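Down below is the structure, laid out as structure tokens.
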Amino acid sequence: MPELAPAYEPSTVEDRLYRQWTDRQDYRANPQSAKPGYSIVIPPPNVTGILTLGHVLNNTLQDILARRARLLGQEVLWLPGTDHAGIATQTVVERTLKKEGKIKHRDDLGREEFLKQVWQWKEKHGGIIIQQLKKLGASCDWSRERFTMDPAYSACVQQVFVDLFHKKLIYRGRRMVNWCPVSRTALSDEEVIMKEQKGLLYHFRVQVSGQKDRFLVIATTRPETIPGDTAIAVNPKDPRYASLIGQCAIRPLPPELPEAQRRIPIIGDEHVDLEFGTGVLKVTPAHDPADFLIGQRHQLPSLEVIDETGLMKPEAGKSLAGLDRAKARTAAVEQLKELGLLEKEEPYVNQVGYSERADVPVEPRLSEQWFLRYPSTETSRTIVSGGKLRFFPERWTKVYDHWMENLQDWCISRQLWWGHRIPVWYRGDEICCQIESPGADWRQDSDVLDTWFSSWLWPFATMGWPEKTPELKKFYPTTDLVTGPDIIFFWVARMIMAGFEYMGELPFRNVYFTGLIRDAKGRKLSKSLGNSPDPLDLIAKYGADGLRFGLLRIAPQGADIRYDEKQIEEGRNFANKLWNACRFRQQQGPSDPKANPAQHPRTPFCDFLLEKLDTLERELDRLYTQYEFSQIAQALYGFVWDEFCARFIETAKADFLNPASPTRTGTLATSDFVLSRVLRLLHPYMPFITEELWITLGLGTETIILADAGQTPAVRLRRTDPKFAEGSHDSRSLGRALSAAGGSARSRQGKNSTGKRDHRLRSRPGP
RNA sequence: GCGCGCUUAGCUCAGUGGUAGAGCGGCUGCCUUACACGCAGUUGGUCGGAGGUUCAAAUCCUUCAGCGCGCACCA
């Protein structure tokens, strides 16, 4: 038995053990197994992404659940994989090619050649995050790694599209969508982030047609869209303006146009708020969702003045044409001033939708897109509100329910190249929805599908659907899903609906929502702020176990996490503490893997520790059912540090140092028994160090991964000292008893020896 | 505007009816024969404000304030 080093050195252990585990296929899931199944599908990270602290948190939690399930004797499948991440990946590749001077725009390469470049990029960078997860100790079944653009997976996506099309849940329509002028694609409502914007509210006058002195004053935040106005709306109940309904007004821009072409109707519409602004609304059906609806109600023409890249079109007039939206705003205001029509401008704060990826204001835009009317909505809603599919923390059920109650059709087409091509074919006026091309003279729809339209199938498409595979039989529905609340609509809700629609079953039984990791100042971690530590650096510095344990100990359920490197250091310190407790045991002679304290005379301290261990296990069982991961870490920390090291080991020294002590064998047996249990309890959180100690101490010959299987019942003891046991419920009185009985050996010796170290004291600088 | 959450020691947070807790930090002393990634001590809070229920409230109720988040077609 090699002697343990004085300090735990993760770097000498981790890679070696991980290779062993992989070589021995300890993580392989066997669908034929007789054991009860336990499964998790990984939230697939972006294929070109790199590991962040958020991933560390999320995947450590999954690893804990998976390893715990293995120790409880379950057949575990933790299914890994990556996501093609349409917009994100395409943007990165396009930007890189531009930076290298190879292209100015992806059109320079053409669709086919560009896609070749993306695949090359994926091959080169695609494996990085997977390798990083391995460094973390993730016990995924890597033989089943999936990618959302695998041929089999793509076939699932296409099949689902075709199916929903024929069910008439997918349709094509010319509608107002969120348009990102940078990515030049439509977005779903979920990909738009509302941001508060400090702007100005401009009041300008429009002349009522045929009445030289009659003006209406309109308040707007977007004067650049005036050339696209096709009506002026007032509330029919508004006594100020009702009489004007049916008349016309003269749109001021573009001024060079003859007045007849700028004459627009004044209409009455309930949507207009009497209280807001002046009570008069300009209606731009082509560039505002609300105005679009008004336009439909009144059969107004749509006049597009902004193009797909966010530049003003010629229709906007000669002084605006070609300008960017933002610049056009100032220019339009200048024009109004020159025309003497600008009444006033006042500071104004409003909410503006931003593109999640490109971080620019989205432009509401009228275009031909594909939409999905969600399937299986009722079941999906009640399964959560009825508590059959459980969310942790529970409050997210309300958020989910509210969204499900107000479902809007999902815009699923994207004007991108990287993604699943829409399986729809055209020939003249004919349209055909099927996977294979109907013939050479048919042209395929050029759009691809929203990335989430593929990931919503993840729980079953990764297990071989639509075939009835043994994997699906054994592992679907999955047991737990661990993810962030930020994708509750994007992903979680949609997976539930897809699960019911295609498997007739919920996709997972429990969802655990993690918190967001923030820095010490409470800011989100981000690359641009430079406050985002590299997990691999942390692993190098503190070990994977230290990182995992340190982070988990401060990750409260349902709340954001204030990250501080100090806490990872704590994790490392804890690993070292455990290491040394085992090292000390090792120095007393070989351990007995079958140690049974009940068969030996013991001290009261042994009994107290054994009782504490029972309490700990019961407590952990309870906490696991509640997904209270930080409390589990806290309980383990307290047991190892305070109960085992500070109390038990210190008192055990009396036995260890005295070979003649009658309770020596009992103390050794207690030590072995407790360590054997504690290492297994700690293993889900700290897989590397626990395996290393397990094998080195000889507590088991095989891996600790599959060590328990529920085979170790608690040892029931008759109290060696009833009086002591009665008092033992009060840990404080025990602490006093321990001190009296001879604890704190180190401290006493330290004090006793101070006199002998006068030379050292003297050598210090004087007071 | 609607909804949700948070506010407890200097910091980060546990604690859902019964005499205020942990870790870190601070301070004092220790290289001590498992561990200085450590040990022994010690400091520290009228539990955001106000009101109420109760024998008893950090905990339940009402209300106010501050912060954060989600949803929303007031331009």
Side-chain angles (χ1 to χ4, degrees), chain A residues 4-9 176 189 193-194 201-203 218-223 225 233 271-284 288-294 348 350-351 353 364 393 395-403 405-406 485-486 488-489 515-516 518 520 522 542-543 546 550 553-564 566-567 569-588 628 630-631 633-635 637-638 641-642 645-646 649-650 652-653 656-657 739 743-754 757 760-761:
Chain A
L4 294 172
Y8 175 53
E9 290 157 34
M176 186 61 76
D189 296 343
I193 298 167
M194 298 309 271
L201 190 61
Y202 304 92
H203 295 247
I218 301 179
T220 182
T221 54
R222 300 202 65 189
T225 64
H271 171 259
V272 181
D273 185 343
L274 282 76
E275 307 293 318
F276 187 85
T278 58
V280 186
L281 177 68
K282 68 192 258 323
V283 184
T284 326
D288 184 280
D291 292 4
F292 174 71
L293 294 176
I294 296 177
Y348 185 66
N350 66 341
Q351 302 286 322
R395 65 186 153 86
W396 293 110
T397 57
K398 278 195 184 175
V399 177
Y400 172 84
D401 198 63
H402 182 252
W403 189 75
E405 190 185 350
N406 299 288
D486 50 333
I488 190 166
F489 311 138
L516 209 68
R518 298 172 176 278
Y542 302 108
R553 200 154 73 99
I554 54 156
Q557 194 189 61
D560 288 353
I561 296 149
R562 289 290 175 101
Y563 167 79
D564 189 334
K566 197 85 194 152
Q567 289 152 331
E569 193 183 324
E570 281 292 295
R572 178 203 58 182
N573 295 353
F574 177 64
N576 192 55
K577 187 72 179 175
L578 175 72
W579 181 265
N580 271 287
C582 291
R583 178 165 176 257
F584 186 58
R585 170 64 191 85
Q586 191 189 39
Q587 288 168 354
Q588 315 311 317
E628 292 281 5
S630 67
Q631 289 191 49
Q634 196 57 45
Y637 185 97
W641 207 297
D642 299 337
C645 294
I649 290 186
E650 290 306 324
K653 281 176 179 171
F656 290 164
L657 297 172
S739 305
S744 318
R746 293 184 85 192
S747 129
R748 213 178 48 244
Q749 283 173 3
K751 273 172 198 162
N752 289 348
S753 61
T754 32
R757 294 202 178 80
R760 229 178 295 217
L761 291 172

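Throughout, protein chains are lettered first and strands after them, A, B, ... in sequence-line order, and every chain is numbered starting at 1. Side chains are part of it too, since the values below use all heavy atoms of this structure and drop only hydrogens, waters and symmetry mates. Computed from a predicted structure; not experimentally measured.
- Note on A:Asn573: a side-chain N or O is less than 4.0 Å away from OP1 or OP2 of B:rG38.
- Qualifying salt bridge (Lys or Arg N to Asp or Glu O under 4.0 Å) partners for A:Glu570, counting only residues two or more places apart in sequence or in other chains: A:Arg553.
- Between A:Tyr348 and A:Phe276, the ring planes are perpendicular. Angles over 60° get that label, and only those under 30° would be called parallel.
- Taking the side chain of A:Ala7 as heavy atoms from C-beta on, and the options B:rG38, B:rG23, B:rC37, the nearest nucleotide is B:rC37.
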Handout entry: Summary of protein contacts for nucleotides 66-75 of chain B, nucleotide by nucleotide, where a base hit scores B, a sugar-phosphate-only hit scores S (4.0 Å, heavy atoms)
Key = ----SSBBBB

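- For B:rA57 and B:rG17, the C1' atoms lie 7 Å apart once the distance is rounded to whole Å.
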Exercise for the section: List the steps, then state whether side-chain contact (heavy atoms from CB on, under 4.5 Å) holds for A:Val399 with A:Phe489. Expected result: CA-CA 9 Å; A:Val399 177; A:Phe489 311 138; 3.6 Å; yes

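- Partners of A:Gln587 by side-chain contact (heavy atoms from CB on, under 4.5 Å), not counting sequence neighbours, listed by chain and number: A:Glu3, A:Arg583, A:Phe584.
- Applying the side-chain contact (heavy atoms from CB on, under 4.5 Å) criterion to A:His271, with sequence neighbours excluded, gives A:Asp269, A:Leu281, A:Ala290, A:Ile294, A:Arg297.
- Here A:Arg395 pairs with nothing under the salt bridge (Lys or Arg N to Asp or Glu O under 4.0 Å) rule; sequence neighbours left out.
- The interatomic distance linking A:Asp486 (CG) with B:rG5 (P) rounds to 19 Å, in whole Å.
- Rounded to whole Å, the separation between the C1' atoms of B:rC55 and B:rA14 comes to 28 Å.
- Atom CZ of A:Arg583 and atom C1' of B:rG38 are 13 Å apart (whole Å).
- Between the P atom of B:rC37 and the OH atom of A:Tyr542 lies a distance of 12 Å, rounded to the nearest Å.
- Side chain of A:Arg562, nearest nucleotide from B:rA34, B:rU12, B:rC24: B:rU12.
- Residue contacts shown for A:Arg585 are absent, as no nucleic acid heavy atom lies under 4.0 Å away.
- Counting to the nearest Å, the P atom of B:rG38 and the CZ atom of A:Phe574 are 12 Å from each other.
- Taking a pair as Watson-Crick or G-U wobble with both distances under 3.5 Å, the runs of three or more consecutive pairs in RNA chain B are B:1-7 with B:65-71, B:10-13 with B:21-24, B:26-30 with B:38-42, B:48-52 with B:60-64.
- For A:Asn576, the side-chain atoms get nearest to B:rC37 when compared with the rest of B:rC37, B:rA34, B:rG5.
- Counting only heavy atoms from C-beta on, A:Gln634 has its side chain closest to B:rA22 among B:rA34, B:rU12, B:rA22.
- Shown here are the side-chain contact (heavy atoms from CB on, under 4.5 Å) partners of A:Lys566, two or more places apart in sequence or in another chain: A:Asp564, A:Glu569.
- Here B:rA34 is the nucleotide among B:rU12, B:rC37, B:rA34 with the atom lying nearest to any side-chain atom of A:Lys653.
- Atom CG of A:Asp564 is separated from atom P of B:rC11 by 14 Å (rounded to the nearest Å).
- Out of B:rC35, B:rG23, B:rG5, the shortest distance to the side chain of A:Arg553 is found at B:rG23.
- As rounded to the nearest Å, B:rU63 and B:rG70 have P atoms that lie 25 Å from one another.
- Annotation: salt bridge (Lys or Arg N to Asp or Glu O under 4.0 Å) contacts of A:Asp288 (sequence neighbours excluded): none.
- B:rG21 atom C1' lies 12 Å from atom CD of A:Gln631, rounded to whole Å.
- Taking every heavy atom of both residues into account, A:Asp291 and A:Thr284 meet most closely at OD2-N, 2.7 Å.
- Spacing between atom CH2 of A:Trp641 and atom P of B:rC37 amounts to 11 Å, rounded to whole angstrom units.
- Checked against side-chain contact (heavy atoms from CB on, under 4.5 Å), A:Asp486 has no partners two or more places apart in sequence or in another chain.
- Atom CZ in A:Arg572 sits about 11 Å away from atom C1' in B:rA36, given to the nearest Å.
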